[in-house]
Amino acid sequence: MPLLNQGELRALLERELPGALDPTRPVNRYGNVEATHQLEVEDQASDTMGDTSPPPATGDAAAERQADVVDKEEPSVPPLSQDDAVVRAERLPDVAAFLRDRLGYDYLSRVTAVDYPAYGLIEVVYHFYRIEGGPGQIVRVRVPRDNAVIPSITPMWPGANLEERVCYDLFGVHFPGHPYHKRIYMWDEFEGHPMRKDFEKIGDSYYHFKWKGEGGEE
Amino acid sequence: MTATPEQTTATQTALQPVGGGGVVVVERKQPGQSYGQGIAKGMAVVIRHFAKSFTSRIDDKSDQAGMFTVEYPEERMELPEAYRNMPVLLYDDKTGQELCTSCFQCERICPPKVIHITQAKDPNTGKAVPAAEEFIIEYDSCMSCGLCHEICPFDAIKMDHFYELSTHDHLAMDQNKAALDRPISYYQAIAPNLWAAVEANAMKKLQNNVKRRPGNIGVAPHMIGKTQKALPTAAAAGAGAAAAARPKTPVAAIGKNMSPEKVARLEAIRAAKRGGATMPGESEIVAPSPVASGESGLHVAESQAGLAPSPATTPAPATGPVAAVGQSMSDEKKARLEAIRAAKRAQGGGQ
Amino acid sequence: MDFIIGLIFWGLSALILFSGLMVVIVKNIIHAALWLIASFAGIAAFYFLLEAPYIGVVQILVYTGAISILMLFAIMLTRQVTGEGTQQLFKRWWVAALVAFGLFAVVIVPTIWFPRLPVAERGQPTYWPQSDRAAASATPAAAPAAQQEPQPEAETPQIAGAFEIGRSFMAEYLLPFEVSSLLLLVALIGAVVIAYEERTRRRRILTLAEEAELRRSVAGLGMERPLQASAQLPPGKSEAGTAERR
Amino acid sequence: MRAMWEFFFGVGWLATLTSYLTITTAILVAGSLVMMLLTWIERRGLGYMQDRKGPNRVGPFGLFQPIAEAIKTITKEDITPTDADRWVHFLAPVVILASTVAAFAVIPWGNLIPVDINVGVLYIVAVSAVHTVGILMAGWASNNKFALLGGMRGVAQAISYEIPQVLSLVSIVMLVGSMSVVDVIQNQMDPYGNILSWHIFTPVGLLSFIVFWIASLAEGERPPFDNPEAESELVAGYMTEYGGMKFAVLFLANYLTNFAICAVTAGVFLGGGNGPGSDIPILGTLLSVFYFLAKSLGLFFVMVWIRGVVPRLRIDELMHFAWKFLLPLALVNIFSTSLWIAIIRWGAEQGMGIAEALGAPGSIARIAVAWVVTAIINVVAFFLVARLNATRGVTTYQATPTAV
Amino acid sequence: MLKTEELQINIGPQHPSTHGVFRLMATVDGETVVHLEPVFGYLHRNHEQLGEIWTYLQTITITDRLDYFNSMINEHGYCMTVEKLASIEVPERAEYIRVIMSELSRILNHAAAIGFWLQDMGSWGTTLMFGFRQREMIMDIFESVGGSRMMCNYMRFGGVARDLTPNLVEQINLFLEGFPQFIDDFERLMMENEILLARSRNVGVLPKELAAAYSVTGPVIRGSGIPYDIRRAEPYSIYDRFAFDIPVGSVGDVYDRFLVRMEEMRQSHRILRQAMEQLPQASGSYINQAYKAASKQQGLRLPAGEAYCRVESPKGELGYYIVSNGGNSAYRYGIRAPSLINLTALNDMCRGYTVADIVVILGSIDIVMGEVDR
């Protein structure tokens, strides 16, 4: 079947699997609005899918943008791409099956989690490719940071097994349905997820590991 | 070994071998054909190597059998020029002047942060002097990546070829300046071409810096006694002569790959700066447009190396970060600057 | 010369008796087996002392080499080794002691009654069954010329040389020789059958390729939906799979 | 030897005792020296085969390296694992070394013969059977999962390779007529010059040499059969829990077994000690010892050569190989040996009338016919068994239908 | 009869043949493997967080430490991702030098991998020594070019750090001259060895239809019969200028994977010969002049956005995923490590085989712990 180019996947998914796409527009709590705009809570249903141009920045945010003061303490947060297929978490397995069975993208290359504390969410990026070659497709799932739960696609794609465990271990994204849902690098009693932006970095001084029971220093 | 290339039946669009060549199925050995002759072949190969390793040595890369061992303490492999093991500081043989002007570039770029420099102060005026008073490299955690060697604008820090560093005294691994200093002739011996490429530039910069170093400040510790406070005439003459040979405009040397009109505008800015007038051109941060404005990242205020303005694609020359300019001006100039900035913000808002 | 042989004899017999005793006394059953092996070695040494190297070597090969391994394997693979649990003496130990003593008496009385060992006189083979006495007496005189064994002019003839045994297997004792070889053959085949039947009954673990092939043949299922990642076909299914494929 | 000591002590039994003791110490000292030479040959030979130098730092050409190693292993701490069977752990190396050294009692060094019992060949095989008891003791007593697995494997391998080893010797004993090692060597001294009469140059002897050599490689745990201490899977097999002196003893026993195997092979198949000029009275003995050592060390070099080439056989393949390849070959070889003897030696009264037509027993024509007949049988058997094994699968996993 | 219950065996983390610090908990029934559970994390240095703290130039030094057998290919992948995001144009000569170094690194890796595989099978190092001798020669080239044998730190954004001197070009040609004879030696030494055939035929079979689902890449997937090679599937750099074949296996067992590696060495040699012929005509210098100065590289600030770029490393598909927020260090720096993903199939491949086969199958996947644990 013909290779899809970048924007086509969104349209196709919308038509084939209604409700699979994730309509929400995350807002940036620090007002760093360069790439986001107000959450239109009210028009949830009649969301205009079509417009893929970045939303206009409102007046005061732009001014704030100018002042280098903001630039100094809070590093600017990269924009969340709009044109890729952003899928609702619970519909991910269906989208993955759709991609493989109908569109022929039968090779999952990469599952990456990216932490956006500014938007209050974790975005998990799936890269699908065809085994015969050619450019691939990117599917994104955005889940809130505090309870990040995405149904695991390991039962269908055994290749995602270890990648999902890495996302769980370093980012805290839970994958119900994963055959071996345990930490991959850290030891099981480790608390916290090291790759999250808010995981306190302590430079090279020794990390005092607190056992669950004692809660004491060492 | 390779059977005839057999095209796969998969869709050809994606897998069209542009440069030619297809897919070849590797040939497997059928069972039941071998009665030990496979092992016999292997033994033939091994015994040939056994015999040859007595007679010949492998010295160049094309022959495949013969003695390969280099017996380390007696015979040694000769190291290529670009070999890098541990950074060392260079000083001029004659005058004993160190090339390092403590510009902190290497300290900033060092990934494991093992270089620690303190700048020398002029004892009487208390002003900063372009020389390093104390220069420590923690040899035990330096990974010899060579980034300091590449970024040093004065070619003061070079990668050495010395790898027998084992010691039982861990503290000695924090090498101070005395332990790090090597004469230029030493580096010239181990890496002639690399030094020849940078020598002219390094020597010229050394002359500029030596002029601003009172007394024995920049001299390598162990050379202080030996060299009479030779006036830099002799060295300067040599360097000067070399410098004269090149075109006179030192400024051009800095922005050498820039278009002439940009050089002219730069000249104007410099003249204005010397005259204390404000910056004629408007200073604004180029919005991080998708096209990278390879803005030079030198945020460092006190660097005298001058900004090498990058061939910014946007018309307005990015004159470097706002903060750097504002520091050395009087307060009324600052107020005027503030006014300009407010006007810009208002104008910018409408963009 | 006799003094040294006497010395060796008493030493060896002490070793054999001691290790025999230890077999019974020691708690750990592996140690008991090892003491038994020591006594076998002692007996082999006896044969060498009696100038019968062939029997001595066969004793080493068969007993110390093979049967001891058999016993050790059997002990190791069957039951718990360090025997703390088992208590040493039964309540009515004296009955066992009485019976043991009775048997010992039965053995020791004839040896004491006939002081002289029935050692062969010059040229006369030892006590052999009547029927063979005639045949036996013929052999030593006309030893076949071709294969004259480099016979040291030992004072006493070879009581049981390798040559003697070989010849008698093919001559007088041909029938028992064949019957025993048949017996061994039956035992061998029995072992093979038991091992083979036990191997097939065990749960056969399918490799990935066999599973894929099985999945294709059993359900004709296409491969759109690959296997559960690390799940494995439930044992029941694979059992049925193997039985059916056989 | 006895006469000399009698002169000293004048008392018969003491003289024999001391004479036997001197012979034993001579064998042990010479054995250990040769063992050190073997380790040196192994490491330098393997080195040069891989285009690198072997140990050449300690002493000239690295000759003192084995001594350095001996000192190192002896000075290492000698630990016994906790709640291991202390006595059995201690006794295992003793049993292994004892069984190996005992085999040297019968091996003649050229013309110097320690003791000549008329069941020499059988004695060697019997004593190496005791070796397996030691392995099992070592494996069981180390109280370590890996050691137990290694021990079990070692015993299984040793037992299943003992049988082809013995059967291949049976055909040689049939050829010679007596089991004494000295007679076997004597038989190879026959009139047609010294070299051609070696057993290895008869088709029967050749096949029995192949079977015996491969089976002995397994008996001495040499690659490709070094399963018991297969580093890549079970760390060090039954030797895992041994350190210091006990490991040195195990190591010594291992190399002594290898030397014993080479010596027996040299003796039985290559006419150990026979060579041009080995029958001169005084000089001959020296020469024969030299020939014997040259042949044994040459065979050991072949062991090192094989070690440099082949990977290790898996334990189940190893068993298949023994029972389905070596054993049938050994049996076929016994059959062809009987044919060889029948054609060459037997006359009319043994029912081989037609052989009479070819001439007197032992004549050239008879030998030629025997050569042809046995050669055909052996070669056909070799290829038939090899093909059967290859197709019926020495490997346990049948070739599943290719997925492509 | 004899009831055998399953035995839990730990292979590693200190085990001679686990290619680094890596533990395998194997449940074994008799000699047959029932279940295999790899345990990672012994060499975890949180490489991805370092990429987020350091600037882009500094991160090049740690990409060498990912798959420390071929640092050149790691750097090549990383630099291509940054150049794609910052749209830096790479001159032709630099591209040729990069391809030459990558292919040399591929030969180095395959020669060593086959050596280690034989070592796991117990062949006492002959093939390993021959493989390492070839590796030594290539590392001499890397040393005179990059400055260090393994941690080359040689590639920069827009090209390479140093040009090829004429002497070096001559050294490479000498190496290519002697290489075919090395491969024939290597092949004659092992590939028809009966014991090796017995140990590796039909062992660790990964059927073709399952290979894609496990998303294994590199020689493992090509061994199963799928011609997936990124140099051909999605040609990057100037690979589309060279004619080379993709070797593919038929059964998908351990033996096929190593025949594929052997053939890949021949193909790399073929690419290298073509590259060395076309090198003199390549235009441009060894680095994009705009980015020649180290200060330029250090100060590079990528525009906000993300890029995912894939490279064919000898172990499989090596992918770099960089999300940038406009600053001079990455906001998120992720790596697709081929060794880690290839291990997903290890458990299913080893099931049903013996303990001795686990080590052989692991050797055929050819993992490096630096890349698995990151």
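A, B, ... follow the sequence lines: proteins, then strands. Residue 1 opens every chain.
Of the residues considered (Q171(E), Q297(E), R270(E)), Q171(E) shows the highest number of contacts with chain B, using heavy-atom pairs under 4.5 Å. Counting heavy-atom pairs closer than 4.5 Å to chain B, the top residue among E177(E), R222(E), Q181(E) is Q181(E). Ranked by heavy-atom pairs shorter than 4.5 Å toward chain B, the options L50(E), D140(E), N328(E) are led by D140(E).
Once rounded to the nearest 0.5 Å, the distance linking CD of E150(B) with CZ of R162(E) reads 6.0 Å.
Neither the backbone nor the side chain of C152(B) comes within less than 4.5 Å of any heavy atom of chain E. Using a 4.5 Å cut-off between heavy atoms, M77(B) touches chain E through its side chain atoms alone. Using a 4.5 Å cut-off between heavy atoms, F68(B) contacts chain E through its side chain alone, with no backbone atom that close. M151(E) touches chain B through its backbone: at least one of N, CA, C or O sits under 4.5 Å from a heavy atom, while the side chain does not.
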>> Set out, in order, the CA-CA distance, both residues' side-chain angles and the distance that settles side chain to side chain contact (heavy atoms under 4.5 Å, CB included) for T61(E) and L147(B), then state yes or no.
In response: CA-CA 9 Å; T61(E) 56; L147(B) 289 184; 3.9 Å; yes
> Is there a side chain to side chain contact (heavy atoms under 4.5 Å, CB included) between H49(B) and T126(E) once you walk through the steps?
Replying inline: CA-CA 10 Å; H49(B) 276 270; T126(E) 316; over 6 Å; no
>> Under the criterion side chain to side chain contact (heavy atoms under 4.5 Å, CB included), I'd like the reasoning laid out for I246(E) against V24(B): C-alpha separation, chi angles, the key distance, then a yes or no.
In response: CA-CA 6 Å; I246(E) 299 185; V24(B) 61; over 6 Å; no
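The main-chain N or O of C145(B) is found under 3.5 Å from a side-chain atom of N153(E) such that the two form a donor-acceptor pair. The main-chain N or O of I109(B) is never found under 3.5 Å from a side-chain atom of Q298(E) such that the two would form a donor-acceptor pair.
Under the 4.0 Å criterion applied to side-chain N and carboxylate O atoms, D253(E) and R28(B) are assigned as salt-bridge partners.
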